[in-house]
Amino acid sequence: MFWLLKSGRVAVRDKVGFYLSHCLWRGARNPSVFETYSFRWSNLHDKQLPLPVLPAPHVALVPGSSCSPHFSRQPRPSLSAMGGDLTDSKVTENGSPAPVESVPVKGISSDSGQTYSILREGEADILLHGNDVFYNKAQVVNRDISIAVIRAFVSKREQEHQAEVAKKLSRRKGASKTFGAPDSTVENSVSVEAQGDEANDVTESAEVKTITNASEEFVTENTPAKPIRVLEALAASGLRALRYAKEIEGLGSIVATDNDKVAVEACERNIKLNGPVVAAKVEAKHADARVYMLTHEKEFDVVDLDPYGSPSVFLDSAVQTIADGGLLLCTATDMAVLCGNNGEVCYSKYGSYPLRGKYCHEMALRILLACIESHANRYKRYIVPIVSLSIDFYVRVFVRVYTSANTIKATPSKLTHIYQCVGCDSYYFQPVGRITNKTNKNNSARYMPAIGPTILPECSQCKKHFSMGGPMWAAPIHDADWISTILNMATSMKAKYPAFDKLHSILTAVSEEILDVPLYVNLHNMSATLKCTPPSAAIFRSAVANAGYRISGSHANPLGLKTDAPMEVLWDIMRCWVKEHPVKAQATATPGSVILSKEPELQANFTKVNAALSKAQAKGVARFLPNPEEYWGPKPRAGRHITNKHMAALGPHVHQTQSGNVHIRQDQVPEEETKAKKQKRDEGST
């Protein structure tokens, strides 16, 4: 029997049999394989499952024979083999890593003489050596939110799978009643296909029906969903992929790619450091992310793009590698470009011209979404934003990607240009397209160009001219149902998020936003135009609500107010405020003087309305937290020589050696900072 299996003369036609025979053959050659080889039985339902020829992480091929079936057992490298140990890493009583704040611990030395420091974030550990591989502690919020969103995505995918199974079962029952047997449609389509090549279109249709019905035939109520495949396109140290593997249940495999060989080697070291369970899930690859994604079309359910700078060069391949209904996570840190400091550069990268308004951080989000939609439309695909966040020094969007040649016709109606007054900063929108209610012969909507212009050449408030920006995304950038799910799931597992307080505050602010209103006004900016004392946010929000309009805050700016009230109404409210709180006389040519020279058409009511106020603020829930420590921001690129300018950004307790390595002087860490960290770790452990 073993000889037959070895020679491959046993015909195994089903996947279960193949797995069992393959394991049996390997066990015959090396009985210890039985102890470590793991199976994912959910993969049995995947028609495109790769052959299980890869050994367990600590079983290696004999050198010099990469195709040989002979395996030799090699123990997984331990830290003791590199001259160090994990005694300083925090673990729970059962030996698993405790989710704590990312802090470096005692360094270890490798056989090559390099000194590494072990850093733990969440449940993952990584080895750091100077600035060879990029790592930024401030991005812990980014990684925590990504984990929270993917956890919600796994749950949603399971619900969608169950709904799809129920749909297929009901359709099969209907077919059974119609044709008398569940396989009648299959037999009919096969007979059509067997007639020959008389009509290719008929044959193709028959093949599609055959495949569809054949797949539905094996669907049962207990059929599990396919394992979720994740791609981290720019892995660096691999910390993000490691945290995904250790902290998110339901993920099948994770591929971490990087074009830097040093980063890939660091990622492989970190994979081994985190044990065999992680090694069975995470695979590091040395490849150009763009080429890798282009050669793996629609293979990944989750694609994470977190580049150093702009993601624009990766978007075209990213929207092709993601499976239908998959989740795309994208970060952009080039905020100077997206916020209007270099408008021509933004246009060359994202196809949109930004304006330097107080709403620039939300406009950056909408420019990025419009760019992703543009790339997706080229392949008959479109996006549905789930969460779009402006955090610290970057923006992060989470979108689902679908395929539909008909749905992309509505894309122009989701985009808009923007006119901003150069005097008073009033802004108005000019949609790109519109959908008419009138239907055609096919009873479908008509897609038309938008009607314009929507404004006069001069501002109606201050008589100044306009600047024009865009196009940008005008549709909602959040999904209320997703926000609620993510927030509830994160709250129930808050001990697993090192930056839970920041995560909770951001999602709480997002949950209160008006979804269908692009951008926001800044109350202090309006008051500065009129040179008056600004009203409190509660008074202004109440006046807008009493006028019959909606108003909310914005997560992108503590002073931002999102409202569906037109600019004319907002300026009338400010005129009424100035009448009650007079200002000094101004020059007649200033925008503030021109605005105040007009009588308000609306008489504002400043009576306080509780419904207009923030519910989270009323409950004492924090929405905008200060940075947890100094020097919380962007860090220099990996491999870059650290100058005095960079040292200031890294902090006073960081120094650089003559070889260019960066080390933390534990003896020079401020005493109050050390005590605060120790107290926080003690609280987390309890």
Side-chain angles (χ1 to χ4, degrees), residues 57-58 74-91 95-140 143 232 234-243 245-246 256 258 260-279 282-284 286 308 498 635-642 646-647 650-651 653-669 674 677 681:
H58 54 285
Q74 297 179 356
R76 181 175 64 87
S78 62
L79 288 179
S80 59
M82 294 188 288
D85 53 70
L86 275 173
T87 54
D88 287 339
S89 298
K90 294 187 89 177
V91 294
S96 60
V100 297
E101 180 187 6
S102 57
V103 292
V105 295
K106 187 177 71 176
I108 61 174
S109 299
S110 66
D111 295 336
S112 60
Q114 292 181 332
T115 301
Y116 295 90
S117 60
I118 305 175
L119 183 137
R120 171 162 297 176
E121 183 179 290
E123 297 182 7
D125 297 311
I126 62 173
L127 296 172
L128 292 180
H129 173 64
N131 194 36
D132 290 347
V133 179
F134 180 78
Y135 168 75
N136 189 356
K137 184 178 180 180
Q139 292 282 29
V140 62
R143 290 182 282 268
E232 186 188 2
L234 304 153
S237 64
L239 175 59
R240 189 182 300 266
L242 297 174
R243 289 196 62 188
K246 300 193 75 170
D258 203 291
D260 184 2
K261 188 176 181 180
V262 175
V264 175
E265 292 173 352
C267 187
E268 291 173 345
R269 284 195 301 268
N270 294 330
I271 291 173
K272 294 177 182 178
L273 177 66
N274 284 270
V277 176
V278 171
V282 183
E283 180 183 7
H286 182 208
Y308 191 97
K635 297 296 186 290
R637 187 186 296 269
R640 186 174 180 179
H641 181 72
I642 306 301
H646 301 131
M647 296 299 292
L650 293 173
H653 52 278
V654 177
H655 78 284
Q656 184 177 17
T657 63
Q658 294 181 354
S659 60
N661 298 329
V662 178
H663 294 288
I664 297 178
R665 294 173 176 159
Q666 298 291 347
D667 56 333
Q668 294 189 16
V669 177
T674 305
K677 285 185 177 181
R681 288 197 298 269

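Please read all numbers here as calculations on a predicted model, not as lab measurements.
- Asp125 places no side-chain N or O within donor-acceptor distance of the main-chain N or O of Asn274, the cut-off being under 3.5 Å.
- The CG atom of Leu119 sits 5.0 Å away from atom CD1 of Ile126, with the distance rounded to the nearest 0.5 Å.
- Here CG of Leu242 is found 8.5 Å from CG of Leu273. Values are rounded to the nearest 0.5 Å.
- Taking every heavy atom of both residues into account, Ala241 and Val282 meet most closely at O-CG2, 4.0 Å.
- For the pair Cys267 and Ala256, the tightest heavy-atom approach, listed with the atom from each and the gap, is SG-CB, 4.1 Å.
- We find the CZ-CD1 distance between Arg269 and Ile271 to be 11.5 Å, quoted to the nearest 0.5 Å.
- Nearest heavy-atom pair across Val133 and Ser237 is CG1-N, 3.2 Å.
- Across Ala236 and Asp258, no two heavy atoms sit closer than the pair N-OD2, 2.9 Å.
- Nearest heavy-atom pair across Lys261 and His286 is N-NE2, 3.7 Å.
- Smallest separation of non-hydrogen atoms from Glu121 and Arg143: OE2-NE, 2.5 Å.
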Legend entry - Worked check of side-chain contact (heavy atoms from CB on, under 4.5 Å) between Val140 and Arg243: CA-CA 11 Å; Val140 62; Arg243 289 196 62 188; 4.2 Å; yes

